[in-house]
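None of the values given here were measured: they were computed from a predicted structure. Proteins come first, then strands; the chains are lettered A, B, ... in the order of their sequence lines, and each starts at number 1.
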Number of protein chains: 2
Amino acid sequence: MVTTLEVTDVSAGVCCAPLVHEPLSTVDAERLAHTMKALADPTRLRLLSIVAASEGQEACVCDLTEPVALSQPTVSHHLKILTEAGFLSRSKRGTWAYYALVPERLDEVARTLLAGSHTGV
Amino acid sequence: MVTTLEVTDVSAGVCCAPLVHEPLSTVDAERLAHTMKALADPTRLRLLSIVAASEGQEACVCDLTEPVALSQPTVSHHLKILTEAGFLSRSKRGTWAYYALVPERLDEVARTLLAGSHTGV
DNA sequence: ATCAAACATCGATGGTTGTCAATATCGAGT
DNA sequence: ACTCGATATTGACAACCATCGATGTTTGAT
């Protein structure tokens, strides 16, 4: 049984775009918007949360098709978008493709949005 | 001079949707996606960041049209979407409409996305 | 070598969305 | 009352996107 681990290109990192501290450059805004677009769909959010709540925070396509009640091609399409945005990683084991959560990526985006309000402190 | 302060409906709060701890319900996913959609456009992200970087974290439409190089109706349209999503508040002073950042809302969304990875700590 | 299962890709389609010009509304000053 | 300046709304259009069925590709098993 062969195990292939594919690492997605996350070089277009949004790591250090403050959003709230200084005006975003056109290219930074474009990059961040592309990242947020991956999270701006209810199906993709559900897929993310289902994967995150699964054993080892990973799941194969066959486990995901039924919960979201969509066709397999559609699910594959969404998983590809989430993977390209860096929120999931793909590893193939046998005929199955396992998608795993990349929590650091979610945290990275969360930090980008932080505005530093002192809510109820 | 009359000052009107409008408070936007944020009752559709995404406050306590964990995203990473348990599968999102259909309705929660729908709500969160709607919120993320407001942040999934480069123009809106630039508008947000420009407002956030302005004096008192607020700006009027006339100050925003030129930086983004778009028509006034288009800018008003984007500001409306950001306001309805709770990221901006609108207060009218005279003929001018001032849009101010709501940092708590950004932090709220950021917390929703947090996955709790221990990146390089 | 062949077959079946899991997944990806392709092409098409209906719905959504960002943009603008034109128009409407609203407030301040004359 | 009238005008002007700032903003919101409307209608239209092109580009984008989520979805599906059909098909292609890869892998393990017979």
Does B/Q72 contact D/dA6 through a side-chain donor or acceptor facing the base, at a distance under 3.5 Å?
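Result: no qualifying N/O pair found.
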Test: B/E104 and B/R111 ion pair at under 4.0 Å
no
Would you mind checking if B/E30 and A/R46 are paired as a salt bridge, meaning a charged N to carboxylate O distance below 4.0 Å?
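Salt bridge between A/R46 and B/E30, a charged N being under 4.0 Å from a carboxylate O: no.
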[X] side-chain N/O to [N] phosphate OP1/OP2 under 4.0 Å:
{"X": "B/T95", "N": "C/dG27", "result": "no"}
{"X": "B/H78", "N": "C/dT19", "result": "yes"}
{"X": "A/R93", "N": "D/dG28", "result": "no"}
{"X": "A/T74", "N": "D/dT19", "result": "no"}
{"X": "B/T43", "N": "C/dT19", "result": "yes"}
{"X": "A/K80", "N": "C/dT9", "result": "yes"}

For a side-chain hydrogen bond (donor to acceptor under 3.5 Å, both in side chains) check, start with the C-alpha distance between B/S76 and B/Q72, then their side-chain angles and the critical distance, and finish with the verdict.
CA-CA 6 Å; B/S76 280; B/Q72 173 264 317; 3.3 Å; yes
Between [atom2] of [N] and [atom1] of [X], the distance in whole Å:
{"X": "B/Y98", "N": "C/dG27", "atom1": "OH", "atom2": "C1'", "result": "14 Å"}
{"X": "B/L79", "N": "D/dA6", "atom1": "CG", "atom2": "C1'", "result": "13 Å"}
{"X": "B/M36", "N": "C/dT17", "atom1": "CE", "atom2": "C1'", "result": "18 Å"}
{"X": "A/W96", "N": "D/dG28", "atom1": "CH2", "atom2": "P", "result": "9 Å"}
{"X": "B/L47", "N": "D/dT7", "atom1": "CG", "atom2": "P", "result": "13 Å"}
{"X": "A/E84", "N": "C/dT9", "atom1": "CD", "atom2": "C1'", "result": "13 Å"}
{"X": "B/D41", "N": "C/dT16", "atom1": "CG", "atom2": "P", "result": "18 Å"}
{"X": "B/I81", "N": "D/dT7", "atom1": "CD1", "atom2": "P", "result": "18 Å"}

Compare the minimum distances between each of [options] and the side chain of [X], then state the nucleotide with the smallest one.
{"X": "A/S76", "options": "C/dA6, C/dT9, D/dC20", "result": "C/dT9"}
{"X": "B/P73", "options": "C/dG18, D/dA8, C/dA6", "result": "D/dA8"}
{"X": "B/R90", "options": "D/dA8, C/dG18, C/dA8", "result": "D/dA8"}
{"X": "A/L70", "options": "C/dC7, D/dT19, D/dT7", "result": "D/dT19"}

For a quick check of understanding: with a heavy-atom distance under 4.0 Å over all strands, which category does A/Y99 fall into, base, sugar-phosphate or nothing?
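It contacts sugar-phosphate atoms only.
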Between B/S71 and A/H77, who's closer to the 5' end of DNA chain C by nearest nucleotide?
A/H77
Quick check with a 6.0 Å cut-off and a 45 degree axis cone: is A/R93 positioned over the face of A/Y98's six-membered ring?
yes
Would you say that B/V61 contacts B/W96 through its side chain, given a criterion of any heavy-atom pair below 4.5 Å between the two side chains?
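The answer is no, as the side chains (C-beta and beyond) never meet within the 4.5 Å cut-off.
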Heavy-atom pair with the smallest gap, counting every atom of B/V75 and B/T65:
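Distance-wise, the nearest heavy atoms are CG2-CA, 4.0 Å.
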